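Here's the structure we're looking at; comments come further down.
Indexing begins at 1, ligand by ligand and atom by atom, following the structure's order. Quick caveat, the model's predicted, so the values are computed rather than measured.
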Amino acid sequence: MTIIDIHTHLLPRVDDSTLKKWKFSAMMGKYKEAGIERIVFSPHIDDPFVDTHRDRIQPVFEWAKEKAAKYGIRCYLGSEFYVRSQKDFSFIPHFNTHVLCETDTNFAPSDYLDTVRSITEKGYKVILAHVERYKFLSPSSSLFEELHDGLGCLVQVNARGARTPEGRAWLKSGVVDFIATDNHGDESLPVALYEILGQYPQVARKMDSFVREHLD
Ligand SMILES: [Fe+2]
């Protein structure tokens, strides 16, 4: 079973990651120990609360990829795209096929569905990041039905969020495709991801199939 962490902020000095360059290798060691050998770096893009240095993404990714390879960890570059009312999209898709999307946790932007639809019309599949955070979304809401059944969005819950009542409700509903760390520099998160996947083997199986279908 291959475990992938599709949501992380571990590129030093790129976004709001707290991980220092000199602690990067230790973090890769923690992933390796936890049995997680694939990581997607997903720096924030267009997040109004985060100052992302776009010009640093690619060089820091190349640096990180080389360091991670020493631990046998395969890395990918993606992003976490903040959906607002953009007309131009400048995200970095995961695996060239998927876009990890977040938005305001309290209110969906008025044109939220339209924006998600235009991303899907460009040929990408949207992954809804940490769904347990959104006060306007639940597994039984009509908005979710449109996103999931209508637009084919995939669903991600955070490893820590999985232990909240909201996270448990999402996991119980059976619609969750990924659990991920959303790791900004916490060395305890890789093992937390491994443990929570042990509690939700159906999600672990979906993640394993995803890797085999899209990455192997
Ligand atoms: Fe994130």
Side-chain angles (χ1 to χ4, degrees), residues 3-20 23-24 27-28 30-31 34 36 38-54 56-58 60-61 64 68 73 75-84 86 89-95 98-109 112 115-116 119 124-137 147 153-164 166-167 170-171 176-194 196-197 203 207 210:
I3 305 179
I4 186 167
D5 189 357
I6 66 150
H7 184 168
T8 72
H9 303 271
L10 296 175
L11 296 179
R13 301 183 62 240
V14 164
D15 60 1
D16 59 347
S17 175
T18 59
L19 188 63
K20 305 275 184 237
K23 294 203 93 176
F24 183 84
M27 180 65 86
M28 293 304 104
K30 296 289 177 190
Y31 272 86
I36 302 166
R38 306 215 191 196
I39 302 175
V40 183
F41 299 113
S42 53
H44 291 284
I45 301 266
D46 279 3
D47 186 325
F49 308 105
V50 179
D51 201 8
T52 296
H53 300 274
R54 287 288 299 250
R56 294 184 192 158
I57 294 177
Q58 195 63 42
V60 178
F61 171 65
I73 293 172
C75 296
Y76 307 87
L77 184 60
S79 61
E80 181 177 18
F81 180 63
Y82 196 106
V83 174
R84 294 196 269 178
Q86 303 98 325
F89 304 121
S90 56
F91 48 68
I92 303 166
H94 283 43
F95 327 119
H98 291 67
V99 184
L100 181 69
C101 290
E102 66 171 332
T103 193
D104 188 277
T105 53
N106 291 309
F107 305 100
Y112 182 57
T115 310
V116 172
I119 296 172
Y124 298 108
K125 257 196 178 238
V126 167
I127 305 173
L128 303 170
H130 40 57
V131 282
E132 73 280 4
R133 285 191 191 169
Y134 300 115
K135 295 190 174 56
F136 55 86
L137 206 62
L147 289 163
C153 293
L154 301 177
V155 176
Q156 182 254 307
V157 163
N158 278 1
R160 294 253 194 269
R163 300 197 184 278
T164 63
E166 293 81 8
W170 279 99
L171 284 155
V176 175
D177 300 288
F178 301 96
I179 305 176
T181 61
D182 195 2
N183 193 347
H184 284 68
D186 179 344
E187 287 189 357
S188 69
L189 274 170
V191 75
L193 174 59
Y194 176 83
I196 198 77
L197 284 170
V203 181
M207 289 168 59
F210 182 91

Practice task
Check the side chains of S79 and R54 for a donor-acceptor pair under 3.5 angstrom, ignoring hydrogens and angles.
Solution key: no
Practice task
Decide whether S17 and D15 meet the rule of one side-chain donor and one side-chain acceptor closer than 3.5 Å.
Solution key: no
Handout entry: Single hit among V131, V116, V99 for side chain to side chain contact (heavy atoms under 4.5 Å, CB included) with C153
Key = V116
Closer than 2.8 Å to the Fe ion (ligand 1), do we get an N, O or S atom from [X], backbone or side chain?
| X | answer |
| --- | --- |
| D182 | yes |
| H184 | no |
| H44 | no |

Practice task
Could you tell me if the ring centre of F210 sits under 6.0 Å from that of H94?
Solution key: no
Practice task
Output the atom name for the N/O/S atom of E80 with the smallest distance to the Fe ion (ligand 1).
Solution key: OE1
